[in-house]
A.B. asks: 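Have a look at this one before I ask anything.
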Amino acid sequence: MTSNDAAQCRLTSSQQKAVSHIDGPLLVLAGPGSGKTRVITFRIAALIDHGVPPRNICAITFTNKAAEQMRQRAAALGASAGAHISTFHSLCVRLLRRYGAAAGIKPNFSIYDDADQSKCIKAAVRDCQLDTANFPPSRMLAAVSTLKNKLIAPEAFKSRTNDFFGEALARVYARYQRILADLNALDFDDLLMKAAFMLEENPNIAAQLADRFRYLLIDEYQDTNHAQYRIARSLAAAHHNICATGDPDQSIYRWRGADIRNILAFEEDYPDALIVKLEENFRSTPNILEIADNLIAHNKHRKPKRLVPTLPNGHAVAVTAFEDEYEEARGLARTISDLIDAGVAPTDIAVFYRVNAMSRIVEEAFIRARIPYQIVRGVEFYNRKEIRDVLAYLKLIANPADEVALLRIINTPARGIGKTTLDRLANYASRHGIPLHNAVARAAEIEALPKAAALKVATFAALIDKFRASAEGPVGPLVELVFNESGLYDSLRALGPDGRDAIENVEELANSAAGYDGRTEEPSLVDFLQQIALFSDADAYDPSKGQVALMTLHAAKGLEFDNAFIIGLEEGLLPHERTDADDEHDLEEERRLLFVGITRAKSRLHISYARYRTIRGQMLRSVPSQFLFELGIPESALPSDDDDDDDFDADSFDTTRGRGAGSNARRDKAAGLSEGFSGPITRGGEQPSDVAPFTPGRKVRHPHFGHGTIRKLINLGPDSIIEVRFNTGQTKSLLLKYAHLEPL
DNA sequence: CATAGCCGCCTTTTT
DNA sequence: GGCGGCTATG
């Protein structure tokens, strides 16, 4: 059977339409669970069946994991060999390595992560003689990142800004880019920006690529940013064979520059585009789809769309209230244990939460309940000190100009090269106008350096040179060599039992390098380093381990599970307090995030919140999330304030009863519920105080400070504290009973 | 020059 | 609560 036969006999008519449209632009608007991934892989197979050589196909996915899966699925159809399947960032790394010379980029560039970037931006702020108090590095970095995502280069930004902050930012931005260039380093955003500019400024390169990648497929298009949009536009300009797939309702990366207009305006960019809508849902039961539908209907900035169920009714969705986060975790562990005892495979269970910090308590409960679990957090491994140390050696070996790496390890493990010596080296370097690593190489010639210090520096330089001599070829042996001969192993060994984990971690790194060597045709240190720099949390998920998966809602994107648990449905957590209560776009994104979580569930969905949660060491009363009241769940089926639930099953209900009710009715009901929940809160027979009009998001007036928006309410009965952001820009915490706030 | 201990800062989501 | 950076001390 050819892949096309397979497509013909098993795809729905809209899916077939998407698969068999060969030439020209195609937009696949695919709701959750609509079989989008299948459509893409079948489409790749169909292109090949149609005579397109695989190497002329380029598919872009959102994560490396998704790319790997797509490669496997395509291979199963006999269609993958030679097709390029990767993320935008990986593609850009390859393009910059291959063609970067045209943009002054050397192929062995380092990729800088947050920590590296932070060091560079601090140096840039300092170089510009600005105060880090008024110009916090994190702010500056965020601003620079936003500019890069919009493809605004330093010069362009400088000429278009005229206010005080903008001018300072322009100088910092330019200086930061200079520093990165000197260190032969690119940050994450540079990968996209430099690639986009390279394509636009070098028509010959774009032409070569258009010839190579004659068919372009881009998944999760709703989460592309402007830089990615421009790259896609360049790649497809010559042939318009671009197929974008995505779902505006699942756009959850606005905060990092994703621009939903890219998908909404696809038809304007490509007027001859065929639009295919995949609206049927083959994943979830109607019970689950209905609450997802009800929730997302509250977003105003969207085209109305319904999820069309294809499966029979299943388990009722459960909403449960717990006393605090410990009870919630215990209840979770109990319910999951029961499921596993009943024969459910742990792999078919997942727990989603808004912030990573929430994983710890769940983890502790799972350990006690002996539930096998994995926390899907890939980058954590690479953030360990010992791993960063080894990687710094490797980066310095691959890229001598990488001063951040150099400074990290020149005295790690301690080899007697202290601050004074470094100052003298830096001094020499700046007087001679040479980079620091050249000064290090010339230590013996530096008069300001005492003999003993010069010897230590020279010994270090010789060590790195020795490593460099073995840097060709497979990476695994190099990691071992570096670990053993740098002194890192000995220093960890000297720690005794305390160093054991660290040693094991480095050995795991060596294993992963060996694994890389095994699956790569021409392994190289530069390629290995660039690949692991792009490793993401979601990439760490391994379904074959037979474990319950714990992950953030963001990491859950693209996955599906028979049984899903979403915890912490509380104001301040989901929606998160850092989202601007005034900005309805921010709020809508939080709602989409929950929508994504809900629609991961195939059969059972459990939602929970805790009445009290410890925040920064303090146990505080929490307010149930406004989203709970938007699910269209009858009030009688939601936990009430004095329920003492201890199990997820306690408050299950049947959503199918509510089907057909008008959305207005639902909204009214939700509003009624909302007041009931955020109203007076009693605990242990305490006298209720009237905090009902003071929920986060509401507008108020203060006799002195004027109008403002409530950010947070810490409900302590008569001593409730309220945090208000006033229109003057300042945020104040006030004792509610003295504040004389007037609800508006 | 190294280390320990303390202080103060930040604290969402991630390629 | 956790981490990075700074200071004081050995």
Side-chain angles (χ1 to χ4, degrees), chain A residues 60-67 86-93 111-115 117-119 122 132-133 136-139 141-142 145 148-149 186-193 195 220 223-225 227-228 251-258 352-361 376-380 382-385 388 408 411-423 450 452-453 456 491 530-540 551-557 568 572-580 586 589-590 592-594 596-597 614-619:
Chain A
I60 299 174
T61 57
F62 194 73
T63 62
N64 297 300
K65 190 84 191 171
S86 77
T87 63
F88 261 111
H89 283 82
S90 298
L91 175 66
C92 290
V93 164
I111 298 174
Y112 274 7
D113 66 11
D114 300 347
Q117 287 180 58
S118 165
K119 290 207 162 70
K122 275 179 196 158
T132 48
S138 59
R139 282 283 147 68
L141 213 45
S145 175
K148 287 183 176 181
N149 286 160
L186 301 176
D187 65 21
F188 286 125
D189 303 315
D190 278 336
L191 296 175
L192 301 176
M193 182 173 78
E220 308 285 10
D223 275 321
T224 50
N225 63 28
Q228 291 166 327
S251 166
I252 54 175
Y253 284 96
R254 197 176 86 97
W255 53 274
R256 85 175 190 206
F352 308 136
Y353 36 77
R354 179 64 177 83
V355 297
N356 280 302
M358 293 167 72
S359 67
R360 220 190 78 233
I361 301 215
V376 181
R377 191 99 215 270
V379 294
E380 208 176 33
Y382 293 100
N383 279 332
R384 291 169 203 269
K385 185 187 176 301
R388 289 194 78 101
R408 182 180 181 97
N411 200 33
T412 305
R415 47 174 71 88
I417 304 175
K419 193 176 180 306
T420 315
T421 304
L422 277 176
D423 283 347
K456 288 169 185 165
S491 72
Q530 293 177 348
Q531 278 194 25
I532 61 175
L534 298 179
F535 197 75
S536 75
D537 278 348
D539 296 334
M551 67 187 86
T552 63
L553 285 160
H554 283 89
K557 170 166 167 161
L573 216 41
L574 186 62
H576 196 273
E577 61 180 339
R578 284 276 302 240
T579 64
D580 191 342
D586 273 6
E589 177 147 310
E590 294 288 304
R592 288 195 293 270
L593 192 54
L594 178 58
V596 166
T614 313
I615 294 164
R616 280 182 289 248
Q618 273 204 307
M619 184 69 92

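Keep in mind the model is a prediction, meaning the values are calculated, not measured. In what follows, chains are A, B, ... by sequence order, proteins preceding strands, each numbered from 1.
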A.B. asks: Output yes when at least one side-chain N/O atom of A:T614 is less than 4.0 Å from OP1 or OP2 of C:dG1, else no.
C.D. replies: no

A.B. asks: To the nearest 0.5 Å, what is the distance between OH (A:Y253) and CG (A:N149)?
C.D. replies: 13.5 Å

A.B. asks: Using a cut-off of 4.0 Å on non-hydrogen atoms, how would the nucleic acid contact of A:F88 be classed: base, sugar-phosphate, or nothing?
C.D. replies: nothing

A.B. asks: More 5' along DNA chain B: A:P136 or A:H554, using each one's nearest nucleotide?
C.D. replies: A:P136

A.B. asks: Does A:T421 reach a base, just sugar-phosphate, or nothing at all? Heavy atoms under 4.0 Å.
C.D. replies: sugar-phosphate

A.B. asks: So if I take every side-chain heavy atom of A:H576 and compare against B:dC1, B:dT12, B:dT14, which nucleotide ends up nearest?
C.D. replies: B:dT12

A.B. asks: Looking for any heavy atom pair under 4.0 Å, which part of the strands does A:R377 touch: base, sugar-phosphate only, or nothing?
C.D. replies: nothing

A.B. asks: Report which part of the nucleic acid A:L553 touches: base, sugar-phosphate, or nothing (heavy-atom distance under 4.0 Å, all strands).
C.D. replies: nothing

A.B. asks: Roughly how far, to the nearest 0.5 Å, is CD1 of A:I417 from OG1 of A:T412?
C.D. replies: 10.0 Å

A.B. asks: Classify the side chain of A:R256 versus the base of B:dT15 as yes if they form a donor-acceptor pair under 3.5 Å and no if they do not.
C.D. replies: no

A.B. asks: Contact class for A:T420 (heavy atom, under 4.0 Å): base, sugar-phosphate, or nothing?
C.D. replies: sugar-phosphate

A.B. asks: Report yes if a side-chain nitrogen or oxygen of A:T87 is closer than 4.0 Å to either non-bridging phosphate oxygen (OP1 or OP2) of B:dT15; otherwise report no.
C.D. replies: no

A.B. asks: Taking atom C1' of B:dT15 as reference, at what distance in whole Å does atom NZ of A:K557 sit?
C.D. replies: 11 Å

A.B. asks: Looking at A:R254 and A:D586, does any basic side-chain N land under 4.0 Å from a carboxylate oxygen?
C.D. replies: yes

A.B. asks: Using a cut-off of less than 4.0 Å, is there contact between a side-chain N or O of A:R360 and OP1 or OP2 of C:dG1?
C.D. replies: yes

A.B. asks: By nearest atom, which of the nucleotides B:dT3, B:dT15, B:dT13 is closest to the A:N356 side chain?
C.D. replies: B:dT13

A.B. asks: Taking the basic N atoms (NZ, or NE/NH1/NH2) and the acidic carboxylate oxygens, is any pair closer than 4.0 Å for A:R377 and A:D539?
C.D. replies: no

A.B. asks: Considering only the C1' atoms, how many Å lie between C:dG5 and B:dT12, rounded to the nearest integer?
C.D. replies: 24 Å

A.B. asks: Any base atoms under 4.0 Å from A:N411, or only sugar-phosphate, or nothing? Heavy atoms, all strands.
C.D. replies: sugar-phosphate

A.B. asks: Rounding to the closest angstrom, what is the interatomic distance between C:dG4 and B:dT13 at atom P?
C.D. replies: 16 Å

A.B. asks: Judged by each residue's nearest nucleotide on DNA chain B, which is more toward the 5′ side, A:R354 or A:D539?
C.D. replies: A:R354

A.B. asks: OP1, OP2 of C:dC3 versus side-chain N and O of A:N383: anything below 4.0 Å?
C.D. replies: no

A.B. asks: What is the separation between atom NZ on A:K148 and atom P on B:dT15, rounded to the nearest whole Å?
C.D. replies: 18 Å

